[in-house]
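First comes the structure, then the notes that go with it.
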Amino acid sequence: MKAAIIILSLFLPFLCIKDVQHYTPTKVIEMINTWKVPENYYKNLTNNLIEVLDRYVFLDIIKNPKQPFPDYHTKVDLVKELKQLGNQKYDEFYKFYQDLREKTNLAHDAHFNTKFTSPPSQETQIDLSTLRMIMPVDYKIKKENESINVYADLTATSYVTQDELIDLFGLELVEQIRAAETKQIETIAGEDPVEYIANFGKRYNPMRNLHAGFSYVYNRMNGMTLSSFPLNANELENIVIKYKDGTEVTFSFVIIYTKTLIKMFAKANSLFDAKEFEQFLKVEEDTQKSEVNIFYALDRYYKIKLTTEKPHFNKKLNEEIKWDYVDESKGLKCRVDNTHKVNVYYQNTFNFDNMENYYSTLKSCLLLFDKNSNPIVIIQDHNGGGAEEVTFSMQELIQPKFEIVNFNSFRKSKQVKDNLDMIMDKKQNLTFAARYHDQETCTPFKNSDQMFEGFEIEDFGDGVKHVHTKPFIMTVIRDFRAQIDEMKKENE
């Protein structure tokens, strides 16, 4: 398989931050560094990570990757880097974690992440991924008269009350920023504003493309976690914005617990449901397999909530729009619009907790649409992505005579084989029941031994070889197609 997701969860049993407070970056880092780790902790930790990395499909490839452009991909031997890291001496945990994140980020893979969590038995302790760095400004880039200008708006005014902002940053600073929102910025922390954004936490930016890296930080700078961007205190405090008119504003980030931020959201909007949003945020991060900007997630949450829960009206006819079928998560719904003679299909996610209910609703939509010859209008507003089997099944809706088939392979690895053994033994759902097929016989593999009978070797030069299984067919909807065909016959 040409993709891999690795999340390393490690106990961090020292950090206690009450969910009713916020802290300076200096204070939080000081608290982190009070933890005294056991002897050989760092070496054991990196050895465990190396063992997990055995399943990482790109582990060999990134040693000498093929370059689409000169020096586009970073050449890195992750095992070697991590062994060196484990042998170093550290007086402070935070410095070790910074180096670990920097080393693993050499892969430039947004799906490859490390995450330190507290033991679940200790409820008052938290993990670094719930510590969010909040600043009082949101940078806005505008093209004006062939020039690129940067502005700083007061942050999150749509999501939290002004009283909350004043509590976090002080009345004087809030008023200074609001008064300067129309002023063009000359420098941020002594740098050109665009360069400052591009360089912010660059050593932790998972994107290899410069433009993608810029967008990644620009869209996440406010609200990113200490887990993904473990910056130094001096990078987060006493930041000076100098405007082109000579005036200045100085601010510092605050570190705040995610749940505290969510409580602030609840105070600002009666439509907001804190528990529902926490679950929504978890699904978003599970779907994208990476950190999600909390403000963008909140914006998506409101848009989906308005789309799925508020009545929709046809303004011309002044009547409520009703859907024929809606799945339990309200992520999928469909209807026949008899006025305009179209079939309407709406889907705001490719990630569903209850796949059985999703497939049941999808079948109902397909059979509904088959009763007429109307064109299908597909609405994908606010879709955050998700599982490939869901995207494939939607494509079946669009082009039912075309079967979606992928060819994949796995890296030769004991870790991979052990995982496949576990998955194939479960035989728990449609996804895996129809997923792996021998490309020569087009029949499902009975066990992982059959998949690992033969290997192919790709030579990447300089002695680097990638050994993987022979390509197999991955078709996730063959059984689903058969069920649909059977249901169509029954309804004829």
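Keep in mind the model is a prediction, meaning the values are calculated, not measured.
Atom CG of Leu45 sits about 10.5 Å away from atom OH of Tyr97, to the nearest 0.5 Å. Interatomic distance, Leu78 CG to Leu59 CG, rounded to the nearest 0.5 Å: 6.5 Å.
Ring centers of Phe410 and Phe472: under 6.0 Å apart, within the cut-off. When ring centroids are compared, Tyr139 and Tyr151 stay outside the 6.0 Å threshold.
Asn348 and Gln380 form no side-chain donor-acceptor contact under 3.5 Å, judged by distance and modelled atom types alone. Between the side chains of Thr441 and Thr443, a donor-acceptor pair is found at a separation under 3.5 Å. No hydrogens or angles considered: nothing links the side chains of Glu39 and Tyr41 as a donor-acceptor pair under 3.5 Å. For Asn222 and Thr155, the side-chain atoms include at least one donor-acceptor pair closer than 3.5 Å. Side chains of Lys142 and Asn149: a donor-acceptor N/O pair is absent below 3.5 angstrom, by distance only. With 3.5 Å as the limit, one finds a donor-acceptor pair spanning the side chains of Thr258 and Arg132.
Heavy-atom neighbours of Gln67 CD from other residues, nucleotides or ligands within 6.0 Å: above the threshold of 12. For Ile379, the CD1 atom counts as densely surrounded, since its 6.0 Å shell holds more than 12 non-hydrogen atoms of other residues, nucleotides or ligands.
Shown here are the salt bridge (charged side-chain N to carboxylate O under 4.0 Å, His left out) partners of Arg203, two or more places apart in sequence or in another chain: Glu235. With sequence neighbours left out, the side-chain hydrogen bond (donor to acceptor under 3.5 Å, both in side chains) criterion links Ser448 to Lys417, Asp421. Every residue two or more places apart in sequence or in another chain was checked for a salt bridge (charged side-chain N to carboxylate O under 4.0 Å, His left out) with Lys140, and none qualifies. With sequence neighbours excluded, no residue forms a salt bridge (charged side-chain N to carboxylate O under 4.0 Å, His left out) with Lys80.
Taking 4.5 Å as the limit, some side-chain heavy atom of Gln347 sits within range of a side-chain heavy atom of Val390. You'll find the side chain of Ser228 reaches within 4.5 Å of the side chain of Arg101, heavy atoms only. In this structure, the side chains of Leu362 and Leu332 come closer than 4.5 Å at one or more pairs of heavy atoms.
Between Tyr56 and Phe58, the angle of the ring planes goes over 60°, which puts this pair in the perpendicular group of the 30/60° scheme. Ring geometry, Phe200 versus Phe253: the interplanar angle falls under 30°, so the pair is classed parallel (tilted spans 30 to 60°). Using a 30° and 60° split on the angle between ring planes, Phe460 and His466 fall in the perpendicular class, above 60°.
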> Step by step, would you call Asp418 with Arg55 a salt bridge (Lys or Arg N to Asp or Glu O under 4.0 Å)?
Replying inline: CA-CA 10 Å; Asp418 289 345; Arg55 75 189 71 172; over 6 Å; no

>> For a side chain to side chain contact (heavy atoms under 4.5 Å, CB included) check, start with the C-alpha distance between Lys470 and Asp438, then their side-chain angles and the critical distance, and finish with the verdict.
In response: CA-CA 9 Å; Lys470 291 181 178 179; Asp438 186 302; over 6 Å; no

Under 3.5 Å donor-acceptor pairs involving side-chain atoms of residues 185-194, not counting sequence neighbours:
from   : atom 1 : to     : atom 2 : distance (Å)
Glu191 : OE1    : Asn199 : ND2    : 3.1
Asp192 : OD2    : Val194 : N      : 3.0
Asp192 : OD2    : Glu195 : N      : 3.2

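Residue pairs satisfying the side-chain hydrogen bond (donor to acceptor under 3.5 Å, both in side chains) criterion with at least one member in residues 82-92, sequence neighbours excluded, are listed as follows: Gln88-Tyr90, Tyr90-Asp99.
Side-chain atoms of Ser215 do not come within 3.5 Å of backbone N or O of Ala212 as any donor-acceptor pair.
Using a 4.0 Å cut-off between charged nitrogen and carboxylate oxygen, Arg208 and Asp109 do not count as a salt-bridge pair.
Screening Val76, Leu49, Leu53, Leu85 against Thr104 for a side chain to side chain contact (heavy atoms under 4.5 Å, CB included) leaves a single residue, Leu49.
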